[in-house]
K.L.:
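I have a structure I would like to understand better, so I am pasting it below and will then ask my questions one at a time.
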Amino acid sequence: MSNLKEQPTPINILYIGSYGTAEESTIHVCAFDETTGELTILQHLSGLENASYLTLNPNGGSLYAASETEVTGDASGGSVASFEIDKATGLLKPTGNRLLTYGAHPCYISTDKAGQVLLAANYTGGNVALLPIKADGGLEAATSVQQNAGELGPNAARQDAPHAHCIIPFGSSYVCAVDLGIDAIVIYRYDEERRSLIPHGISKVHRGAGPRHLIFHPHLKTGYVMNELDSTITQFDVDAELGALTANQVISALPADYNGYNDSADIHLGVSGRYLYSSNRGHNSIAVFEVDQGNGQLSLIQHIDCGGESPRNFVLTPSGDHLLVAHQKTGNITVFSVNAESGLLSKLDSELELPSPVCMKFAIA
């Protein structure tokens, strides 16, 4: 069910996923005003437990939400649901299209650039799934499920088994599954004709790193992995033709004098590709790095308090002028301005309170 608030079409539509029961509102639609930095809630939706990760169809017509659960009804594993987007208003319409990911606790979903398939990473299941996307934006049952495998990391409490934490397309022919449990990126070849994932290779990070999220640079042949367990970022040299990643630089996301608890979480590049941002849970900060435009390596230039506890996710506006941070523990979203020349952040007074926000995505224009 949904609770709608009619509003004029905003400049920027923001979708927010939250932890919560199916009876609670776990998906929210907001308007973000880049002039004032203000967030206005337009719609709350209930019916989907733990909507912990969202992604959009590249055509802008559908939103997909992962339900991070161990079971779905009487079936084992979590699920993913599709929503129709009203392109005039940005509001969501539940379609009733909800399918299994065939693994417990799906925590990350993405689509290929053409919007033909959805990819899901099941954290506790330690596996990944591919679900075809129909012409109308709806999902079909998974046609490929692959179990990640490899040597477990040394952290017995967190690396007791494979834990798929991120899955994204890699070039035109591959898919990368980042696995916290085995300190590795598992690379699959995508067979478009069979809608299937085929094991291709594995790229290791250093032991105990606990890789969480992976991004690729839009212009350089480089990628970056946010390592959750030791709060570092690994920079990779990339060969998209061969489907190969080679670990290069490792840099800390924390101040040199910080010795407290921390789990790093999210990572994104600014729109220019000149700056990279990451979030720290514990230190409760956003780290800002300058990207060398020749070799892709990073230099730390700022730490800034993020204005809440446990910044699990953050997002940059399509213009790149603002950065918004979602805090799982304190239930608030804070807003920062981004200096286009220096990449540095400045906190604004604007703030929105929501229970357990953990994922944010801007609508596709």
K.L.:
Just wondering, do Leu39 and Leu14 contact through their side chains at under 4.5 Å, heavy atoms?
P.N.:
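Result yes, sub-4.5 Å side-chain heavy-atom pair found.
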
K.L.:
Inspect the contact between Glu151 and Lys204 and indicate whether a charged nitrogen and a carboxylate oxygen are less than 4.0 angstrom apart.
P.N.:
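No, no charged N to carboxylate O under 4.0 Å.
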
K.L.:
Give a yes or no answer on whether the side chain of Gln146 reaches the backbone of Leu197 with a donor-acceptor pair at less than 3.5 Å.
P.N.:
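Checked: pair present.
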
K.L.:
Do Phe216 and Phe170 make the cut of ring centroids closer than 6.0 angstrom?
P.N.:
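They qualify: ring centres under 6.0 Å apart.
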
K.L.:
With rounding to the nearest 0.5 angstrom, report the CG to CG distance, Leu152 to Asp183.
P.N.:
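Leu152 atom CG to Asp183 atom CG measures 9.0 Å (nearest 0.5 Å).
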
K.L.:
Please determine whether residues Ile133 and Tyr108 belong to a single hydrophobic cluster, defined as Ile, Leu, Val, Met, Phe, Trp and Tyr linked transitively by side-chain heavy-atom distances below 4.5 Å.
P.N.:
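Linked, Ile133 and Tyr108 end up in one cluster.
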
K.L.:
Please report the C-alpha distance between Phe336 and Ser346 in whole Å, then the side-chain angles of each, then the deciding distance to 0.1 Å, and finally whether the side chain to side chain contact (heavy atoms under 4.5 Å, CB included) criterion is met.
P.N.:
CA-CA 5 Å; Phe336 295 79; Ser346 299; over 6 Å; no

K.L.:
Is a side-chain N or O of Thr143 found less than 3.5 angstrom from the main chain of Arg195, in a donor-acceptor match?
P.N.:
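Checking the backbone N and O of Arg195 against the side chain of Thr143, a donor-acceptor pair under 3.5 Å is found.
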
K.L.:
Taking the side chain from Thr317 and the backbone from His322, do they hold a donor-acceptor pair closer than 3.5 Å?
P.N.:
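Such a contact is found between Thr317 side chain and His322 backbone.
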
K.L.:
Return the OG to CD1 distance between Ser110 and Ile168, rounded to the nearest 0.5 Å.
P.N.:
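Result: 7.0 Å between the selected atoms.
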
K.L.:
Taking atom CD of Glu38 and atom OG of Ser350, what is their separation to the nearest 0.5 Å?
P.N.:
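If I round to the nearest 0.5 Å, the distance is 4.0 Å.
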
K.L.:
Taking Asp179 for the side chain and His163 for the main chain, is one N or O donor matched with an acceptor at less than 3.5 Å?
P.N.:
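Judged by distance alone, yes, a pair lies under 3.5 Å.
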
K.L.:
Does the gap between the ring centers of Tyr123 and His105 come in under 6.0 Å?
P.N.:
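No, they do not, as the ring centres are separated by 6.0 Å or more.
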
K.L.:
In terms of the angle between their ring planes, are Tyr258 and His283 parallel, tilted or perpendicular, with boundaries placed at 30° and 60°?
P.N.:
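Ring orientation, 0 to 90° scale: perpendicular.
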
K.L.:
Look only at the side chain of Asn227 and the backbone of Gly210, and say whether a donor-acceptor pair between them is shorter than 3.5 Å.
P.N.:
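Absent.
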
K.L.:
Starting at CD of Glu23, measure out to OG1 of Thr26 and round the result to the nearest 0.5 Å.
P.N.:
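So the CD of Glu23 and the OG1 of Thr26 are separated by 10.0 Å.
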
K.L.:
Rounded to the nearest 0.5 Å, what's the gap from CG on Leu63 to CD1 on Ile13? Could you check?
P.N.:
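Between Leu63 CG and Ile13 CD1, I get 12.0 Å after rounding to 0.5 Å.
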
K.L.:
Verify the cluster assignment for Phe83 and Ile364: are they in a single hydrophobic cluster under the rule of side-chain heavy atoms below 4.5 Å apart?
P.N.:
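They do share one cluster, since a chain of ILVMFWY contacts under 4.5 Å joins Phe83 to Ile364.
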
K.L.:
Closer than 3.5 angstrom, by distance alone: can the side chain of Ser279 be matched with the main-chain N or O of Ile286 as a donor-acceptor pair?
P.N.:
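No: the side chain of Ser279 does not pair with the backbone of Ile286.
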
K.L.:
For residues Glu309 and Gln328, determine if any side-chain heavy atom of one lies less than 4.5 Å from a side-chain heavy atom of the other.
P.N.:
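No, side chains not in contact.
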
K.L.:
With a 3.5 Å cut-off and sequence neighbours excluded, list the donor-acceptor pairs that the side chains of residues 296-305 form with protein atoms.
P.N.:
from, atom 1, to, atom 2, distance (Å)
Gln302, OE1, Leu345, N, 2.9
Gln302, NE2, Leu345, O, 3.1
His303, NE2, Ala253, O, 2.9
Asp305, OD1, Gly307, N, 2.7

K.L.:
Taking side chain as C-beta onward, heavy atoms only, is Glu140 less than 4.5 Å from Leu131?
P.N.:
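Side-chain contact under 4.5 Å: no.
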
K.L.:
Should the heavy atoms of other residues, nucleotides or ligands under 6.0 Å from CD of Glu70 be counted, would the total exceed 12?
P.N.:
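Open: at most 12 neighbouring heavy atoms sit under 6.0 Å from CD of Glu70.
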
K.L.:
Is there a donor-acceptor pair closer than 3.5 Å between any side-chain N or O of Asn50 and the backbone N or O of Glu68?
P.N.:
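The answer is yes, because a donor-acceptor pair under 3.5 Å joins these two groups.
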
K.L.:
Are Ile233 and Val250 packed together at the side-chain level, in the sense that at least one heavy-atom pair is separated by less than 4.5 angstrom?
P.N.:
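The answer is no, as the side chains (C-beta and beyond) never meet within the 4.5 Å cut-off.
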
K.L.:
Give, for atom CG of Leu245 and atom NZ of Lys221, the distance between the pair rounded to the nearest 0.5 Å.
P.N.:
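Reported to 0.5 Å precision, the distance equals 13.5 Å.
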
K.L.:
If every non-hydrogen atom of Pro58 is compared with every non-hydrogen atom of Gly115, which pair is closest and at what distance?
P.N.:
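Closest heavy-atom pair between Pro58 and Gly115: CD-CA, 3.6 Å.
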
K.L.:
Could you list the residues that satisfy salt bridge (charged side-chain N to carboxylate O under 4.0 Å, His left out) with Arg194, not counting sequence neighbours?
P.N.:
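Expected list: Asp191.
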
K.L.:
Please list, one pair per line, the donor and acceptor atoms closer than 3.5 Å that link side chains of residues 90-104 to other protein atoms, with sequence neighbours excluded.
P.N.:
from, atom 1, to, atom 2, distance (Å)
Thr95, OG1, Ser82, O, 2.9
Thr95, OG1, Ser82, OG, 2.9
Thr95, OG1, Asn97, N, 3.1
Asn97, OD1, Ser82, OG, 3.0
Asn97, OD1, Leu139, N, 2.5
Asn97, ND2, Leu139, O, 3.2
Arg98, NE, Ser79, OG, 2.8
Arg98, NH2, Ser79, OG, 3.3
Thr101, OG1, Gly78, O, 3.4
Thr101, OG1, Gly103, O, 3.4
Thr101, OG1, Asn122, OD1, 2.7

K.L.:
Treating Gln147 as the side-chain partner and Gly126 as the backbone partner, does any N or O pair qualify as donor plus acceptor under 3.5 Å?
P.N.:
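Yes; at least one donor-acceptor contact below 3.5 Å.
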
K.L.:
Kindly say whether Arg281 contributes a backbone atom to a donor-acceptor pair with the side chain of Ser310 at under 3.5 angstrom?
P.N.:
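Such a contact is absent between Ser310 side chain and Arg281 backbone.
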
K.L.:
Please assess Leu323 against Tyr277 for the test side chain to side chain contact (heavy atoms under 4.5 Å, CB included), listing each intermediate value before the final yes or no.
P.N.:
CA-CA 10 Å; Leu323 183 147; Tyr277 304 86; 4.0 Å; yes

K.L.:
Taking Gly223's backbone N and O only, do any of them form a donor-acceptor pair with His217's side chain (distance below 3.5 Å, no angle check)?
P.N.:
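Answer holds: no.
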
K.L.:
Is there a path of hydrophobic side-chain contacts, each under 4.5 Å between heavy atoms, that joins Phe289 and Tyr275?
P.N.:
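Looking at the clustering, Tyr275 is in a separate group from Phe289.
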
K.L.:
Working note: Val315 + Phe362, criterion side chain to side chain contact (heavy atoms under 4.5 Å, CB included); need CA distance, chi angles, decisive distance, verdict.
P.N.:
CA-CA 8 Å; Val315 65; Phe362 275 102; 3.8 Å; yes

K.L.:
What I'd like to find out is whether the side chain of Ile41 reaches to under 4.5 Å of the side chain of Leu354, using heavy atoms alone.
P.N.:
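Yes - at least one pair of side-chain heavy atoms lies under 4.5 Å apart.
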
K.L.:
Does a side-chain heavy-atom distance below 4.5 Å link Cys166 with Arg212?
P.N.:
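With C-beta onward as the side chain, the pair stays apart.
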
K.L.:
Could you check whether Glu228 pairs with Arg158 (Lys NZ or Arg NE/NH1/NH2 to Asp/Glu carboxylate O, under 4.0 Å)?
P.N.:
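Yes, Glu228 and Arg158 are salt-bridged.
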
K.L.:
Phe236 versus Ile185: any side-chain heavy-atom pair under 4.5 Å?
P.N.:
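When only atoms from C-beta onward are counted, Ile185 and Phe236 do touch, with a gap below 4.5 Å.
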
K.L.:
Run the side chain to side chain donor-acceptor pair (under 3.5 Å) test against Thr330 and tell me which residues pass, sequence neighbours left out.
P.N.:
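By the side chain to side chain donor-acceptor pair (under 3.5 Å) rule, Thr330 matches Asn332.
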
K.L.:
Mind checking what makes side chain to side chain contact (heavy atoms under 4.5 Å, CB included) contact with Ser18, not counting sequence neighbours?
P.N.:
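By the side chain to side chain contact (heavy atoms under 4.5 Å, CB included) rule, Ser18 matches Ile16, His28, Pro357.
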
K.L.:
Are the side chains of Leu130 and Leu119 in touch, meaning some heavy atoms are under 4.5 Å apart?
P.N.:
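Touching, per the 4.5 Å side-chain cut-off.
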
K.L.:
Determine whether Leu214 and Val291 fall in the same hydrophobic cluster, where Ile, Leu, Val, Met, Phe, Trp and Tyr are linked whenever their side-chain heavy atoms lie under 4.5 Å apart.
P.N.:
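No, Leu214 does not connect to Val291 through the hydrophobic network.
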
K.L.:
Test Ile202 against Ile182 for side chain to side chain contact (heavy atoms under 4.5 Å, CB included), laying out the working first.
P.N.:
CA-CA 10 Å; Ile202 192 165; Ile182 60 174; 4.3 Å; yes

K.L.:
Donor-acceptor pairs are to be reported for all side-chain atoms of residues 266-274 against protein atoms at under 3.5 Å, with residues two or more places apart or in another chain.
P.N.:
from, atom 1, to, atom 2, distance (Å)
Asp266, OD1, His213, ND1, 3.2
Asp266, OD1, His268, NE2, 3.3
Asp266, OD2, His268, NE2, 2.9
Asp266, OD2, Asn313, ND2, 2.8
Asp266, OD2, Phe314, N, 3.0
His268, NE2, Phe314, O, 3.0
Ser272, OG, Arg274, N, 3.2
Arg274, NH2, Glu341, O, 3.0

K.L.:
Would a single hydrophobic cluster contain both Leu118 and Val178, if residues Ile, Leu, Val, Met, Phe, Trp and Tyr are joined by side-chain heavy-atom contacts under 4.5 Å?
P.N.:
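In one cluster: yes.
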
K.L.:
Between Ser319 and Glu34, do the side chains contain an N or O donor and an N or O acceptor separated by less than 3.5 Å?
P.N.:
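Glu34 and Ser319 do have a side-chain donor-acceptor pair below 3.5 Å.
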
K.L.:
Examine His200 together with Tyr188 and report whether their ring centres are nearer than 6.0 Å.
P.N.:
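They do not qualify: ring centres at least 6.0 Å apart.
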
